[in-house]
Amino acid sequence: MELELKLLADVGLIGMPNAGKSTLISRISESKPKIADYPFTTLQPNLGVVDLGDYSSCVVADIPGLIPGASKGKGLGLEFLRHVERCELLLHLVDASLPYERGLSDFDAVTYELSVFSPVLAKKYRLAILTKMDVTESKDHFEKLREGLMARGVKVHAISAVSGLGLDELLGKISQMLGQTRKLGNDFTPTVQTKSS
C-alpha cells in the first residue's frame, strides 16, 4: 500500500521558474517564501491564506516552477504536479518582461506538461497572469502577449506584485471564479472560509 499526501488548496500558482509566483503569494497573503533571482528558489510548495473580503478567504498554493519534461520527472515536476491536482483554480503566471514569443512558448510548455501528466488537470479552470508589469519591457510586450494568450482560450489579467498594480482586481476575480467552480461541481468544494462576525 502506498499513501500519497497532496496539498489541499483552492488556488494553485503555476508557471516557469522566476515567473513571480512567490512574490505574488507574499503580497496577497502572510506567507513568507524565499524570493531570489535564480531558478528553483522555491523547493517546496508554500501555502497562504488570502483575504477575499466580505468575510471570506481562500488557500493559495505557490507551486515550484515547472519546466519542460516535468511530467516525466525532470526538475521537481512530478512531485509538484501532484499538488496542482487538488486545486480548483489555476493562476498561470507568465513573465511579461520576457520577449512575447518566449512568454507564449513558456505558457505552451507548462500547458503541455499539465496535459501529459493528467488530461483532467489540463482542463481545470485557468487564468493567465501577466507579471512584472512595472518593468518597461513588459509594457512593450503586453498587447502581443495578451492577444496570443486569448487566442489560446484563456482569460488574461496583468499585475505587478512589486507595485501592487492589479492585485485588488485579481482578488475579486479569484473570489468570482471560485464561486463558479463550486456551481460547476468540480472535484471538491473550495475551502472558502467564513469568518465569524
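We use all heavy atoms of the structure for the numbers below, so side chains are in, but hydrogens, waters and symmetry mates are not. If you're wondering where the values come from, they're calculated on a predicted model, not measured in any experiment.
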### Task
Kindly write out the residues that satisfy side-chain hydrogen bond (donor to acceptor under 3.5 Å, both in side chains) with Lys139, not counting sequence neighbours, or none if the list is empty.
none

### Message
Any carboxylate oxygen within less than 4.0 angstrom of a Lys/Arg side-chain nitrogen, looking at Lys144 and Glu147?
### Response
no

### Task
Only counting residues at least two apart or in another chain, list the ones meeting ring pair (Phe, Tyr, Trp, His ring centres under 6.0 Å) with His141.
none

### Task
Could you tell me which residues satisfy ring pair (Phe, Tyr, Trp, His ring centres under 6.0 Å) with Tyr100, sequence neighbours excluded, listed by chain and number?
none

### Message
Here's a test for you: under side chain to side chain contact (heavy atoms under 4.5 Å, CB included), which of Ile28, Ile25, Leu178 qualifies with Val11?
### Response
Leu178

### Task
Mind checking the CE-CG spacing from Met177 to Leu127? Nearest 0.5 Å is all I need.
4.0 Å

#### Entry: Those residues that, when tested against Asp108, pass side-chain hydrogen bond (donor to acceptor under 3.5 Å, both in side chains) (two or more places apart)
Arg152

## Note on the structure
Given the options Thr23, Asn18, Ile159, Thr131 meets side chain to side chain contact (heavy atoms under 4.5 Å, CB included) only with Ile159

#### Entry: Qualifying salt bridge (charged side-chain N to carboxylate O under 4.0 Å, His left out) pairs, either residue in residues 90-107, two or more places apart
Asp95-Lys132, Arg102-Asp106

### Message
If the condition is side-chain hydrogen bond (donor to acceptor under 3.5 Å, both in side chains), which residues does Ser163 pass it with, not counting sequence neighbours?
### Response
Ser160

#### Entry: Counterpart residues, side chain to side chain contact (heavy atoms under 4.5 Å, CB included), relative to Ala19 (two or more places apart)
Lys21, Leu93

### Query
Hey, what else clusters with Val162 if you join Ile, Leu, Val, Met, Phe, Trp, Tyr whenever side-chain heavy atoms sit under 4.5 Å?
none

### Query
Who pairs with Arg27 by side-chain hydrogen bond (donor to acceptor under 3.5 Å, both in side chains), at least two apart in sequence or on another chain?
none

